[in-house]
Structures are given as structure tokens and as C-alpha cells.
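Atoms considered below: every heavy atom in the structure, side chains included; atoms not considered: hydrogens, waters and symmetry mates. Note that the structure is predicted; figures quoted are calculated from it, not measured.
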2 protein chains.
Amino acid sequence: MARKSSTLDPQRLDNQICFAVYSAAHAFNRVYKPLLDRLGLTYPQYLVMLVLWERDDVPLKEIGEKLFLDSGTLTPLLKRLEAAHLVKRTRSSEDERQVLIALTPQGHALKDKARSVPQSILAASDCSVSELVAMKDEIVALRDRLNAVIGE
Amino acid sequence: MARKSSTLDPQRLDNQICFAVYSAAHAFNRVYKPLLDRLGLTYPQYLVMLVLWERDDVPLKEIGEKLFLDSGTLTPLLKRLEAAHLVKRTRSSEDERQVLIALTPQGHALKDKARSVPQSILAASDCSVSELVAMKDEIVALRDRLNAVIGE
DNA sequence: TCACATTTAATTGTTCGCAATTGAATGTCC
DNA sequence: GGACATTCAATTGCGAACAATTAAATGTGA
């Protein structure tokens, strides 16, 4: 009883939820890799395409808010998507500060090719949809609490 | 009923557990940042230190297995920790292929300074320990299932 | 209108993360 | 013992991720 049980030691790697999340994110990335290679996308690029497939012609700023990414990450990423002829970047005529991101026909067409990706991920998760939804909601709630702290 | 409800659309960003995990990992990183800045560590460097604080004089390979990272990531990271005088890298005399990572006195001493980090994270999570442990176990189980698929 | 603050992207520099390759050390099989 | 495969770390190249800075466009208040 004198020595703290290792299963309760908050400084142990295996007891840290952040490492669980960190390593799960990398595991997801590795599962996505071969699926997205066929689409010519990286995972963050795929996330941007998901945003655009929901709504086209979105300001860079708004993509950043949805994905929690800033222009330092998105500007070069979007330039790569533009070089791949999947999106077009244009300055807004109403507000020259904003850059609007629009899908090209190829970018729009890619949505169909990507349709099988989620079910491949579901299969790899080896888990029921309802369990995954419950976990997702818990993780999102945790993320939002963390982000609330960052804003002070 | 003809149109699929958006809350069930698997191609919607908000319905993807992987994005929840991805964005939660980044949120954790942002919460850790100011805490680890005081220790002069990045989050992946902190993970390596957690491994070494549990057991010293560990082969690079073993650190990689615990953190799911390869030498391409760890070699430069460990060189930075060595430059910061927190670890020492030596070739094993028994097997010259292996590099053993050992804590310096400063590296060992940093454990005490890092003791308050987990409770700061717990506070930011705004969640009970038992809830976090339950979530952690679920996420680890998911991660392990995903990693099992990668190995084919 | 003019001075000043705010907003927005882009840029720069550092660190991860990983695939692919290289090279050295070790293990195995004949 | 020698040919061969395997293991392990290091290296190279590319794409995030983010802090900090810069520059241009817009908003605001005297």
C-alpha cells in the first residue's frame, strides 16, 4: 500500500487518455493511407474534400474553423489540391481578403470514388455503428471541452 | 424518406469517428503546449520521456514499439533530446545494431517538474477520472483493432 | 477623411510522421 | 567458414501542424 499502484500512476504512459487518442489517430491514418492513395489524397486533404463535398465555394477561413486548422496549414495544402486540379482558389470580389475554395469538375467527381472509404474504415474498426457513434460523441464532447479551455 | 438523412450520411464530416479522434488529438496537443513549453519539450518528446521515466536504458526499437513510431521519427527526435542534455544515445556493446537510450541526471530530474502535467490535463478535460479511464480503454481497444488490420 | 485597429492569407522556420532506401551488424543454412 | 537473409538505425524527401511575422484589405472612430 505504500507504493502507488502502477495502474493508478497518472505519469504512466498506459494510463494517459491523450496517448490513447494520439496513437488511435495514427492508427486511423495508417488504415486510411492505402484507401486514400488510390484517390491521390492525404488524410488532411481528404478532410478538406469532405468539407467541400458538403458545400462548395467555401472561404478558406471557414474550412479552417471546421477542421481546426489555420492558414499556415491550409494554404500550402490547398495549393497542392489546386495543383492536382481538384479545387480552384479565387479571391472574393466582395472582400479581397478572403480566398474562396471551389471544386473543379474532377474534384466533384472524386466524391463518388471516395464513397466506399467510410465503410472500409467501419470494417477495419470491427465494431458496431452504434458503438462507434457513441464513442464519437464522447470524443467530440471531450475535444470541445479541451478547446473551450484553450480559448481561456 | 427518399433522401438519406444527413445524420446517417457516412460521408459527412461530423459523422466520422476518425475526424473526432484526429481533432481531439490536436486539441490535446494545444492544451499540452503551454505546459510542456515550461519543460522545454514537445508532446512527442514528452511521450519518449514518459517511457524512459518508467524504465531507463531502453533500445530505440522498444521506444518505437511502445509509441508506434519508427526510427525515421525517433532518430532526429532523440538527437534533439540529446542536444538538450536530457538523454544519452549509445550503441549496445552486445549488439552494435541497437542504440540504447539512457536518461541523463537532468533527464531524470525533469520527471519531478513534469509531475503536475497529468492533473492539469485532467482539469482541462473537465471530466471524472472514471469516465476518462473508460473512454481511454475504449479508444485503446479500437486502436488495437485498427492496428491488427494493418498487420493484415 | 484620416489615423488606427482588425481581419485574412501568405510566408518562414521548426518539429513531427512516414515511406523508401542505405549500410552496417547479426543470424542462418549449407 | 561463406553466401544469404534479417534486423536495426540512419538518411532523404514530402506533407502536415503550428508559432510568429508580414502585408494587404476592410472596418471604426474622431
Undergrad: I want to check one thing: is the phosphate of D/dA16, taken as OP1 and OP2, less than 4.0 Å away from some side-chain N or O of B/Tyr22?
TA: no

Undergrad: For the pair made of CG in B/Leu41 and P in C/dT15, what is the distance, rounded to whole Å?
TA: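 Going from CG in B/Leu41 over to P in C/dT15 covers 13 Å.
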
Undergrad: Given the rule that I, L, V, M, F, W and Y join up when any side-chain heavy atoms are under 4.5 Å apart, are B/Val140 and A/Leu13 in one cluster?
TA: no

Undergrad: Under 3.5 Å, is there any donor-acceptor pair linking the side chain of A/Thr73 to the base of D/dA16?
TA: no

Undergrad: Can B/Glu96 and B/Arg91 be counted as an ion pair, charged N to O under 4.0 angstrom?
TA: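 Here B/Glu96 does not pair with B/Arg91 in a salt bridge, since their nearest N and O are not under 4.0 Å apart.
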
Undergrad: For B/Tyr43 and D/dA17, is the shortest distance between a side-chain N/O and OP1 or OP2 below 4.0 Å?
TA: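 B/Tyr43 to D/dA17 OP1/OP2: no side-chain N or O under 4.0 Å.
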
Undergrad: Does D/dC18 have its OP1 or OP2 closer than 4.0 Å to a side-chain nitrogen or oxygen of B/His26?
TA: yes

Undergrad: Mark yes or no for whether B/Ser125, through its side chain, and B/Ile121, through its backbone, hold a donor-acceptor pair below 3.5 Å.
TA: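 Yes, because the side chain of B/Ser125 sits within donor-acceptor range (under 3.5 Å) of the backbone of B/Ile121.
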
Undergrad: Between A/Leu60 and A/Thr75, is there a side-chain heavy-atom distance shorter than 4.5 Å?
TA: yes

Undergrad: When you measure from the side-chain N and O atoms of B/Lys79 to the phosphate of D/dT11, is any distance below 4.0 Å, counting only OP1 and OP2?
TA: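 B/Lys79 to D/dT11 OP1/OP2: side-chain N or O found under 4.0 Å.
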
Undergrad: Both A/Pro76 and B/Lys33 contact DNA chain D. Which one's nearest nucleotide lies toward the 5' end?
TA: A/Pro76

Undergrad: Distance check needed: D/dA19 P versus A/Leu69 CG, whole Å only.
TA: 12 Å

Undergrad: Taking CD from B/Glu65 and P from D/dA9, how many angstroms apart are they, rounded to a whole number?
TA: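 To the nearest whole Å, that distance equals 9 Å.
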
Undergrad: Would you please confirm or rule out a distance under 4.0 Å between OP1 or OP2 of D/dA16 and any side-chain N or O of A/Gln45?
TA: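 So the side chain of A/Gln45 is within the cut-off, an N or O lying under 4.0 Å from OP1 or OP2 of D/dA16.
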
Undergrad: Take the protein atom NZ of B/Lys61 and the nucleotide atom P of D/dA10, then report the distance between them rounded to whole Å.
TA: 14 Å

Undergrad: Counting any heavy atom closer than 4.0 Å, what does B/Glu94 reach on the DNA or RNA strands: base, sugar-phosphate only, or nothing?
TA: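 Sugar-phosphate contact only - B/Glu94 comes under 4.0 Å of backbone atoms but never of a base.
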
Undergrad: The side chain of A/Val99 lies closest to which of these nucleotides: D/dA9, C/dA19, C/dA9?
TA: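 Out of D/dA9, C/dA19, C/dA9, the nucleotide with an atom closest to A/Val99's side chain is C/dA9.
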
Undergrad: Just N and O in the side chain of B/Arg80: are any of them under 4.0 Å from OP1 or OP2 of C/dC16?
TA: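 Looking at the OP1 and OP2 atoms of C/dC16, one of them is under 4.0 Å from a side-chain N or O of B/Arg80.
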
Undergrad: Any donor-acceptor pair, under 3.5 Å, between the side chain of B/Thr75 and the base of D/dA9, if you only look at N and O atoms?
TA: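 No.
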
Undergrad: CD of B/Gln98 versus P of D/dT6: gap in Å, rounded?
TA: 19 Å

Undergrad: Starting from the 5' end of DNA chain D, give me the residue, B/Arg30 or B/Arg91, whose nearest nucleotide shows up first.
TA: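 Nearer the 5' end of the strand: B/Arg91.
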
Undergrad: Could you give all pairs that pass the ring pair (Phe, Tyr, Trp, His ring centres under 6.0 Å) test and reach residues 8-42 of chain B, with sequence neighbours left out?
TA: A/Tyr43-B/Tyr22, B/Tyr22-B/His26, B/Tyr32-B/Tyr43, B/Tyr32-B/Tyr46

Undergrad: To the nearest Å, how far apart are B/Glu96 CD and C/dT26 P?
TA: 6 Å

Undergrad: Using the closest heavy atom to pick a nucleotide of DNA chain C for each, name whichever of A/Asn29 or A/Leu74 lands nearer the 5' end.
TA: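 Looking at the nearest nucleotide for each, A/Leu74 comes out on the 5' side.
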
Undergrad: Between B/Thr42 and C/dC16, is there a side-chain N or O to OP1/OP2 distance below 4.0 Å?
TA: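 Result: yes.
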
Undergrad: If only side-chain N and O atoms count, and only distance matters, is there a donor-acceptor pair under 3.5 Å linking B/Ser128 with B/Glu131?
TA: yes

Undergrad: Taking atom C1' of C/dA10 as reference, at what distance in whole Å does atom CG of A/Leu77 sit?
TA: 14 Å

Undergrad: How long is the line joining CZ of A/Arg97 and P of C/dA10, in whole Å?
TA: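 After rounding, the gap between these two atoms is 14 Å.
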
